[in-house]
Amino acid sequence: AQSVTQLDSHVSVSEGTPVLLRCNYSSSYSPSLFWYVQHPNKGLQLLLKYTSAATLVKGINGFEAEFKKSETSFHLTKPSAHMSDAAEYFCVVTLERDFNKFYFGSGTKLNVKP
Amino acid sequence: SQTIHQWPATLVQPVGSPLSLECTVEGTSNPNLYWYRQAAGRGLQLLFYSVGIGQISSEVPQNLSASRPQDRQFILSSKKLLLSDSGFYLCAWRRSGSGANVLTFGAGSRLTVL
């Protein structure tokens, strides 16, 4: 079975400090992994994706994530948080054998303090 | 470039009334189309997906239905709304075929059933 676990439902950081949002997945097959961001009452926007190329993936707005197969993790990081980063973030996995099934984590709400 | 439109953006409906949410995609052909629901504190739930005109796969049994009358049009309907149908409904599309193609979301429709 496939699943995605976002280890923190809420993360709070100060502006200018690093951001770490954690995601672990379980999959019997080679996964593709994504991070999406959702601002209040908006749709989800793609931040970055991993599709079996480089394990360190760079995305928009200074975010990046590293795929670690041995740890089954795909944590999202940013060196310096900005107030505009306050939003909810979703880790998503899909499998090569069924691209119609996207498995979403439960989300992590990021709060950025001034 | 491709764009996805969803409407209405907000909707307040009484219990027992009908529902129709519409989604259209521009700039591509034969997309895979999806309806998700995001209820408060419950993450994203896949409701329906479609790989072609008239082809609908239902993921969750409920009083909702979906239709795809045209290649780039996806409609979510209900004959009689329940209180539990309240939520944020998101339409999404992805390119058909294999490959870890990205899900692109619409801006969402906020439904409140009173």
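Just so it is clear, the values below take in all heavy atoms, side chains as well, and ignore hydrogens, waters and symmetry mates.
For B:Tyr49, there are no ring-ring contact (aromatic ring centres under 6.0 Å, His included) partners, not counting sequence neighbours.
Note: B:Leu103 leads B:Val51, B:Thr10, B:Thr104, B:Leu103 in heavy-atom pairs under 4.5 Å with chain A.
Linking Ile, Leu, Val, Met, Phe, Trp and Tyr whenever their side-chain heavy atoms come within less than 4.5 Å puts B:Phe48 and B:Leu81 in one cluster. A chain of hydrophobic side-chain contacts below 4.5 Å, direct or via other Ile, Leu, Val, Met, Phe, Trp or Tyr residues, connects B:Leu64 to B:Leu83. Grouping the Ile, Leu, Val, Met, Phe, Trp and Tyr side chains by contacts below 4.5 angstrom, directly or via other members, places A:Val13 with A:Tyr89. Residues B:Ile75 and B:Leu90 are members of separate hydrophobic clusters, defined by side-chain heavy-atom contacts under 4.5 angstrom among Ile, Leu, Val, Met, Phe, Trp and Tyr. One hydrophobic cluster, built from ILVMFWY side chains closer than 4.5 Å, cannot hold both B:Val25 and B:Leu46; they sit in different ones.
Contacts of residues 56-68 of chain A with chain B at a heavy-atom distance below 4.5 Å are absent; not one residue qualifies.
Within the 4.5 angstrom heavy-atom criterion, only side-chain atoms of A:Leu46, from C-beta onward, approach chain B. Using a 4.5 Å cut-off between heavy atoms, A:Gln38 contacts chain B through its side chain alone, with no backbone atom that close.
Between B:Val102 and A:Phe34 there is a side-chain heavy-atom pair separated by less than 4.5 Å. Counting heavy atoms from C-beta outward, B:Gln38 and A:Phe104 have side chains that stay 4.5 Å or more apart.
Nearest heavy atoms, A:Lys42 versus B:Phe88: O-CE2, 3.3 Å.
Two rings, from B:Phe105 and A:Tyr36, have their centers less than 6.0 Å apart.
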